[in-house]
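Report on the following structure.
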Amino acid sequence: LHQRCPDSCGDDATTFRTGPVCPHGRSPTPALYCPGDGCGRRLERDYIDTPARIIAVVGSSESGKSTYVGVLVNELRNRIGEAFDGASVEMVGDASRKRYREMFSDYLFEQGRTLRRTDSIRALHALEPLLFMLQFPRRGRLSGRVKLMTGITVFYDTAGEDILDADRRDRLSRYLTAADGIVFVLDPLQVPSVRAAVAGGGALPTVAQDQVEMVQGVAEVLRGSRHNGRVTTPLAFVVAKIDALTDLLPPGTTLARPGNHDRAYDETDGQQVHDEVRAVVHGWTNGATLINLVQNTFSDHRFFGMSALGFSPVSAEQLSPQGIHPLRVEDPMLWLLARFGLIPTRGARR
Amino acid sequence: MIRQIHYTSCRHGRDGIQGFQVAAATTGIPPHHENLVLPLAAYRPPPSASAVPDRAEIEALPVALGYRDFGDVAVLFRSCYLGEDYTGRQGNYFAHVLVADDADDLRVAPPASAWDAAAWSRIPPEDIRTPTSLPELTAVESGPLADGTAVGDWVGRAPERFARLLDAVLAALAGRLGKVVVVAGGQQPDAEIAVAVLAVTAPLPHPLARRVSFTTFSANPTEIDLLVVGTTPDVPVPQGRDTVVVRLDGPDEDGHASPFTSLAVDRLRAGPVAVVALQALAAEAVPPVGHGDLDAFAEAARLLAAEPGADVVAGLEFVADRLPGRLGPDLWAAVDEALTAGTARPEDDIVRWSAVLRRTGGHTPQMTSRYLRAALTHVAGGTGGAELWLPEINPDQIDGDGWIAAVMGIDPRPEVVSALLATLRRLGVEPSDEELGEVVERVLLPVVLDPHGNLDPIRALPGAARLASVTIARLESRLDDDLIETAAESMSEAAAHWLAPSAAPGTRCAVVIAVALARAGARDPVAVAATAADGAQLDRLAALLWPEPPSAATGGRLLAVLERDVLTRSALPAWLAERLVVDAREKRSGRRHVELALQLGALGNALDERTRTRVEAVLLTEEFRNRPRSDPSTRERAVSAVASHADPALAEPLARVVVHWVFACAESLTHADLLRAAFSTRSPGSAAFLSHYREQLTRTLGTADTAGVIAVLPALVHLSATWQEATELLGGTCASALSQRRRRALDELGQRLSETGSVPPDLRPGRAASWTAWWTQYRASQLAGAGLRDRVWRLGRKG
């Protein structure tokens, strides 16, 4: 890590490897900076001091990745905290706070607008991360003492079209290969059979990208030069916008009610959702191919279903006047957090 | 060749995907160039923009006109917000990017003049399946800002803001800043920033202007990698040491403007023609004008334009070094104007003027005259001047004597006067003898006659010999006899060295110089003394050279080199003899003293009596120390030694060696002769002789030296008939000593005395009939109690 000279070094100020004094013998500024060539970004102290887990969110264009991230952060900060005995979720650093406010919360929760289109990684110097710190109180089973489990989570939101272009995938690879968990958001409304099934029921995405191709793109990036074996990075395969699929889900589906993740990730519930979603997907166009592709590519995966908004937007720009009522938006995240050991798991695993 | 890129979120684009992509492009743009330029052209609306802006709001959003030269490719772009894309989602924008292999290929200089140019596509083509290739362009026509009106107005309205922005940009070009964030408010902040960037870059030399990358708007100034980043007040501006924020939306404040800034303001207000002329002038500079040269370049530009207020010497330096083609009558005419107006003053920085005039030619008479006066004034000010360039002039044009008189009136230090003299000499001006005499009187003589005076500046002068001659003349006229010693004492070695070649032999100055050098160890005093022409001169020199008598060695050398005639007519021999006495008194006499005495002795009768006595004493001492064989001649010299009237210091050692010699000879007659001489003479020599004689007599009688006793006693007995001193010696010293001897020894002495031949027949035992009778009587009267019993008794009493 690097530090910088204090202002008193004037024009001679420089960046140097961390130490008690700068090259001019003065106390450096406390801030720490990335030592990478051409980077030099300021690093948040919490990010350095706390183990961080990187979660990349990928998926097709218009699948609602950004919306998912925006709503998830809000859920984590509010509702999930209560469910986990006062767990706290806070953005780390001015940049994350500013970005979340300007790019997500103002639109979704203040103005009731859909989010702006995410620019391609080609037009960005680097993916802009959202950093937040999670602190979960956890009571020891023997001692009874409360221990605080702390972790930093870094979200990278990507543009859907970047997965479909080889050059852009290359640029994404540094983020995906570094990720500790991947959330793949699948837009069911871009699946031909689903589009046909729900036609007339609301606004459909103008694009319909091949979801199998999308998963293949992600797999390609993660495999890298390895052509054999499965990817070990946990993959949460999330079918989004399930509010639009009400008629296509089986009666009494667990997807229609919130998950029961009280103080722990409910593994039983998760398994049940996994089974149901997989079954639903299996019935779609190329569904079996998609499931096989996921199973054969990712050794650690789970299917989820969620609705970030609860109601479909009334237009491309306007959310439903009924507001935002997310459903099971936290499931993939809690599954990953349980995988990371930050929260406990409840219920049997198969 | 200019290639184009259209980038936006669309359904049908070149990249064949749906979303943000290159919608269309000229073929042949390398992917890595696209990757370089597209991040620059990315657009995000300002935070205060409506989430779902209508058409009017979109059109009011700031446009990002940007430029950057990457070296292998230069890019000019225009990005604007479109609002929704084909999906209806907000966040779409359209970037029209022009990519050139070289910035000059863009043919729009400076790049900011492309603001609102007709070449820009403002909206993407219809999003349908159409060919996605774009044609190459040959040039980008400038926009409405190119006429300079808006820029001139803006600079006129806010010169201080312009100055701050320009200073910041120059600091960034120099690497002292990483980024300049320009914040503009109002109805068209992007347009104002375009004007500001154009104002800053238009007067810059082309190579510098090329390096000023910019954008007229970015909602994220921290991230974009450009040198000048425009933004709006609602965007949080980055804080950091390497970022400076210039606000165009605040009130203008008075402040200091650099020369280049002031010039830029003037030229921008004058219009594009003046700006182009400035660019053209900058283009002539070799090597090209850098960011650190702009102020000097500005001074040169003002000077060449004969504008008042220029720093003429700075401008002249720049022209001389970088714009040699502009060195000519027009330039010097402009300099003359500045000199006349008083805005150029060579005396204010003569060193810089000297340097720049040295490497230029064609100076006008006024320039030369003003500079020369300034140079001489500088020299007269006592701050040196040897390094100053001097023009070639007619020496008659300069009143050298007047300058010298003036300097001596102001600062008569040798270094100042010498600097002036040197400068005048470099100009070919020779001062008059009268003025040099004044210099000598007022400047040089006080230094010459100061033991610590520093003559180095004078000695280093090319015409120092003339000054030395004048100094000698002046000094000689002042040197009375009684001042010679003072002058010799006061003159420093350096001064003596300097003056020596100019001093004629035999003059007082020559004496003073020689003595000064000898005293300083720079000349052999003996050699100096050898220059004396007569005894009087020698005496005078000797007195100056040797306040104390010279050493025996020096004396020897003096006697060896000096003419006998000169020597014998001087007091030097006596002075040297004094050295014999002094050293003898201090027991430091040695071989050299003997040699000196021998050399002095060689002068014979030329020596005065006293000196001769001293010399003889030394020589006799040396002779008898060697115990010569006794013969009549030796005895005669021994007698004269005993009677020596030399100083006690010399007589005493002489007496000692003579006593030793006479006892060694063991001749009664010799004893008698010497004792007689001692008794009959009252001199330091006789007194010392008797003193030593008694001591030696006691030692001789007290030992079993029968031969010694037999030599002494008859002499004493013989002289006792005449000299009471001899009687006293017999009854005193002899009796006391012999009383210590044993009866048998005394008997033996009596036996030896009675033997025929033991005592010379000339010596008779006084009234006694024979030596046996005398001995018997002497033993009875003087040596009673000399038997064993008496000696034991005496021993017991002592014990």
Side-chain angles (χ1 to χ4, degrees), chain A residues 4-7 9-11 13 15 29 31 38 40-42 60-62 66 94-95 98-99 101-103 106-108 110-126 128 159-165 167-168 170-171 190 203 205-209 313 315-318, chain B residues 7-11 13 15-22 31-32 34-53 79 81-93 95 171 174-178 219-220 222-225 235-236 238-242:
Chain A
R4 288 184 182 169
C5 286
D7 288 342
C9 290
D11 288 345
T15 302
T29 57
R41 286 170 187 257
R42 178 175 174 150
S60 60
S61 181
E62 293 191 70
S66 300
D94 291 342
K98 173 172 173 282
R99 184 156 180 270
R101 187 177 63 249
E102 290 182 358
M103 308 294 291
D106 281 358
Y107 280 86
L108 293 171
E110 302 294 328
Q111 302 179 33
R113 303 280 184 183
T114 58
L115 298 181
R116 281 181 183 154
R117 173 175 277 281
T118 304
D119 207 343
S120 163
I121 193 169
R122 290 199 75 186
L124 300 173
H125 295 278
E128 294 170 334
E161 55 265 37
D162 288 345
I163 296 292
L164 296 175
D165 182 81
D167 176 56
R168 303 185 197 195
D170 288 344
R171 295 165 71 101
Q190 294 184 40
T206 51
V207 297
Q209 292 167 341
S315 69
E317 296 160 349
Q318 190 71 45
Chain B
Y7 181 84
T8 190
S9 172
C10 59
R11 190 194 308 266
D15 293 349
I17 59 174
Q18 294 176 332
F20 275 112
Q21 61 180 315
V22 174
H32 69 276
E34 286 187 6
N35 293 337
L36 272 179
V37 303
L38 290 178
L40 298 180
Y43 188 97
R44 190 179 289 172
S48 60
S50 167
V52 186
S79 300
Y81 192 60
L82 294 179
E84 63 188 33
D85 68 356
Y86 65 96
T87 66
R89 283 181 69 186
Q90 287 291 321
N92 194 17
Y93 63 91
R176 296 195 301 274
L177 282 176
N220 196 357
T222 307
E223 294 298 327
I224 194 163
D225 191 12
V235 174
Q239 303 294 324
R241 189 168 36 232
D242 59 350

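Order of the sequence lines fixes the chain letters, A, B, ..., with proteins taken first and strands second; residue numbering starts at 1 for each chain. Note that this is a predicted model, so its numbers are computed, not measured.
Contacts with chain A were tallied for B/P45, B/G175, B/A95; B/P45 has the most, counting heavy-atom pairs under 4.5 Å. Per-residue counts of heavy-atom pairs under 4.5 Å with chain A were compared for B/P31, B/G91, B/G16; the largest is that of B/G91. With chain B as partner, the option from A/Q209, A/K98, A/M103 having the largest number of non-hydrogen pairs under 4.5 angstrom is A/M103. Your options are B/L38, B/L177, B/V37, and the one with the most heavy-atom pairs under 4.5 Å with chain A is B/L38.
When heavy atoms are compared at a cutoff of 4.5 Å, A/Q318 does not approach chain B at all. Looking at B/P236, the atoms closer than 4.5 Å to chain A (heavy atoms on both sides) all sit in the side chain, from C-beta outward. With a 4.5 angstrom heavy-atom cutoff, B/N220 touches chain A only via side-chain atoms. Proximity to chain A (any heavy atom under 4.5 Å) is shown, for B/N35, by both the backbone and the side chain. At a 4.5 Å heavy-atom cutoff, the contact between A/Q111 and chain B is made by side-chain atoms alone. Both the backbone and the side chain of B/Y86 come within less than 4.5 Å of a heavy atom of chain A. Proximity to chain A (any heavy atom under 4.5 Å) is restricted, for B/S50, to the backbone atoms N, CA, C and O.
Closest non-hydrogen pair, B/S9 versus A/R117, comes out as OG-NE, 3.0 Å. Pairing each heavy atom of B/Y81 with each of A/R116, the nearest pair is OH-NE, 3.4 Å. Nearest heavy atom pair, residue B/T87 against residue A/A316, reads O-CB, 3.3 Å.
A search for side chain to side chain donor-acceptor pair (under 3.5 Å) contacts involving B/R89 returns nothing, not counting sequence neighbours. Partners of A/D94 according to the side chain to side chain donor-acceptor pair (under 3.5 Å) rule, which considers only residues two or more places apart in sequence or in another chain, are A/R97.
When only modelled atom types and interatomic distance are considered, A/E317 and B/Q90 share a side-chain donor-acceptor pair under 3.5 Å.
Inter-residue side-chain proximity for A/E161 and B/D15 is flagged as unmet; no heavy-atom pair is nearer than 4.5 Å. Looking at B/R44 and A/E102, their side chains never come closer than 4.5 Å, going by heavy atoms from C-beta outward.
The distance from atom CZ of B/F20 to atom CG of A/D165, rounded to the nearest 0.5 Å, is 15.0 Å.
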